[in-house]
Amino acid sequence: MLNKKQIRECLDVFEDMFPDAECELTHKNPFELLVAVVLSAQATDALVNKVTPQLFKKYKSPEDYLAVPLEELQHDIKSIGLYRNKAKNIQKLSHTLIDKFNGKVPSTKQELESLAGVGRKTANVVASVAFDEPAIAVDTHVERVSKRLAICRYKDSVLEVEKTLMRQLPKEEWSDTHHRMIFFGRYHCKAQRPNCEECQLLHLCREGQKRMRKKERK
DNA sequence: AACTCGGGGCA
DNA sequence: TGCCCAGAGTT
């Protein structure tokens, strides 16, 4: 496990590589953000961003999503994967918003998680981006990067990764670090072919050094 | 813990 | 072609 000083070094490198890393969904209102994040499960941002402009033009409130037949909504989001379930979830979630939250998106993680199609990660993203609540959403990138760099233990569950990050990272940097780690994982420390050769963190990365040794032997 | 949903992107 | 993606729900 890395110590505080080593973790600080990681954060500085993240900032150096991706100073402007930001969630592309930030500018939207809480309801649009919620829908966009629910849609983005197992789909790339680019794909979601292609669909949302026209989608949000047509649907502006929970009522709007309930005003059309399920088939119509499914058709409107078809180019994103998993569209059947996602369309159902969005209608169910719209119903809950009207029913229990006065038509507004709730701000706490617990309330958000009670909505259809909203799990821990989505709840964390919405709470932190839309309502400035302290939260770190652990997705596949954050998990992989944290484990390779030994910011957490390799065997940690997703929940344990989240706890460790909240304990190790300064709260005021959670949001920025979160986005930078995602960029770092997506474009540099990739799942398949991490670019260890040009990595500024190789000297303190167990996984990277292991990979370089393996390459050496070939 | 393992499986399913799923179209699009990329090698 | 085959594999992966900023996941959630069910068993």
Side-chain angles (χ1 to χ4, degrees), chain A residues 14 17-18 20-28 30 32-55 70-71 73-97 105-106 109-130 133 135-149 151-152 154-162 165-166 169 174-195:
Chain A
F14 294 156
M17 292 177 71
F18 304 102
D20 302 320
E22 226 180 56
C23 179
E24 294 185 28
L25 312 165
T26 322
H27 61 283
K28 296 174 177 149
E32 291 189 354
L33 175 70
L34 176 64
V35 173
V37 179
V38 168
L39 289 178
S40 75
Q42 288 301 99
T44 58
D45 268 9
L47 197 55
V48 176
N49 286 331
K50 229 188 312 189
V51 174
T52 47
Q54 37 183 347
L55 190 71
L70 177 59
E71 292 72 25
L73 181 55
Q74 287 177 334
H75 176 264
D76 288 340
I77 63 170
K78 202 166 172 191
S79 61
I80 301 176
L82 305 174
Y83 62 92
R84 276 186 271 260
N85 285 332
K86 285 176 183 175
K88 278 186 207 166
N89 284 336
I90 287 173
Q91 288 199 331
K92 209 192 275 185
L93 156 172
S94 297
H95 206 79
T96 310
L97 290 184
V105 180
K109 290 188 272 184
Q110 198 177 7
E111 290 170 321
L112 286 164
E113 271 194 85
S114 74
L115 301 172
V118 178
R120 192 176 185 84
K121 289 174 196 166
T122 304
N124 277 347
V125 170
V126 174
S128 77
V129 175
E133 296 273 326
I136 298 179
V138 178
D139 52 57
T140 54
H141 295 304
V142 173
E143 181 177 357
R144 183 175 65 252
V145 170
S146 300
K147 289 185 175 181
R148 282 184 176 164
L149 282 169
I151 293 173
C152 67
Y154 211 87
K155 301 224 82 173
D156 280 354
S157 66
V158 176
L159 189 63
E160 288 168 325
V161 175
E162 184 181 328
L165 290 176
M166 290 195 297
L169 310 182
W174 282 1
S175 174
D176 285 339
T177 302
H178 172 229
H179 293 124
R180 286 170 191 151
M181 281 180 86
I182 288 166
F183 274 64
F184 184 78
R186 188 165 209 3
Y187 299 111
H188 180 80
C189 192
K190 298 184 229 180
Q192 300 311 109
R193 293 180 318 196
N195 191 2

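The structure displayed is predicted, hence computed values, not measured ones. Naming convention: chains lettered A, B, ... in sequence-line order (proteins, then strands); numbering from 1 in each chain.
Residues A:Leu39 and A:Ile80 come closest through the heavy atom pair O-CG2, 3.5 Å. The two residues A:Lys50 and A:Gln54 have their closest heavy-atom pair at O-NE2, 3.9 Å.
Nucleotide B:dA1 holds its C1' atom 16 Å from the CG atom of A:Leu159, rounded to whole Å. For the pair A:Lys86 NZ and C:dG7 P, the computed distance is 9 Å after rounding to whole Å. Look at CG on A:Leu82: it is 13 Å from C1' on C:dC4, rounded to the nearest Å. Spacing between atom CD1 of A:Ile90 and atom P of C:dG9 amounts to 13 Å, rounded to whole angstrom units. Rounded to whole Å, the distance from CD on A:Glu143 to C1' on C:dG7 is 12 Å. Atom CZ of A:Arg84 and atom P of B:dG7 are 7 Å apart (whole Å). Spacing between atom NZ of A:Lys88 and atom P of C:dG7 amounts to 21 Å, rounded to whole angstrom units. Atoms CG (A:Asn85) and P (B:dC3) sit 19 Å apart, rounded to a whole Å.
One finds a side-chain N or O of A:Gln42 lying less than 4.0 angstrom from the OP1 or OP2 phosphate oxygen of C:dG7. Side-chain N/O atoms of A:Arg186 include none lying less than 4.0 angstrom from OP1 or OP2 on C:dC5.
For the segment residues 113-122 of chain A, no residue has any heavy atom less than 4.0 angstrom from an atom of DNA chain B.
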Check nucleotides 8-11 of chain B against the protein and report each pair of N or O atoms closer than 3.5 Å, with its distance, or say if there are none.
unit_1 : atom_1 : unit_2  : atom_2 : d
B:dG9  : OP1    : A:Lys50 : NZ     : 3.1

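A:Val138 places none of its side-chain heavy atoms less than 4.5 Å from the side chain of A:Asn124.
B:dC3 and C:dC4 have their P atoms separated by 15 Å, given to the nearest Å. Taking atom P on both nucleotides, C:dC3 is separated from B:dT4 by 16 Å, rounded to a whole Å. The same atom, P, is picked in C:dA6 and in B:dA11; the two are 14 Å apart, to the nearest Å.
Using a 4.0 Å heavy-atom distance criterion, A:Ala191 is classed as a sugar-phosphate-only contact.
Between the CD atom in A:Glu162 and the CG atom in A:Asp156 there is a gap of 12.0 Å [rounded to 0.5 Å]. Expressed to the nearest 0.5 Å, how far CG of A:Leu115 lies from CD1 of A:Ile90 amounts to 11.5 Å. For the atom pair CG of A:Leu169 and OG of A:Ser175, the computed distance is 12.0 Å after rounding to the nearest 0.5 Å.
In A:Lys147, the NZ atom is crowded: over 12 heavy atoms of neighbouring residues, nucleotides or ligands sit closer than 6.0 Å.
For A:Tyr83, whose side chain is taken as the heavy atoms from C-beta onward, the closest listed nucleotide among C:dG7, B:dG7, C:dC5 is B:dG7. Here the nucleotide nearest the side chain of A:Gln192, chosen from B:dC5, C:dC4, C:dA6, is C:dC4. Listed nucleotides C:dG7, C:dA6, C:dC5 differ in distance to A:Ala41; the shortest reach to its side chain belongs to C:dG7.
Using a distance-only test at 3.5 Å, with no hydrogens or angles considered, a donor-acceptor pair links the side chain of A:Glu160 to the main chain of A:Ser157. At distances below 3.5 Å, not a single donor-acceptor pair connects side-chain atoms of A:Lys121 with backbone N or O atoms of A:Ala137.
Ring pair A:Phe18/A:Phe184 is perpendicular by interplanar angle, where above 60° counts as perpendicular and below 30° as parallel.
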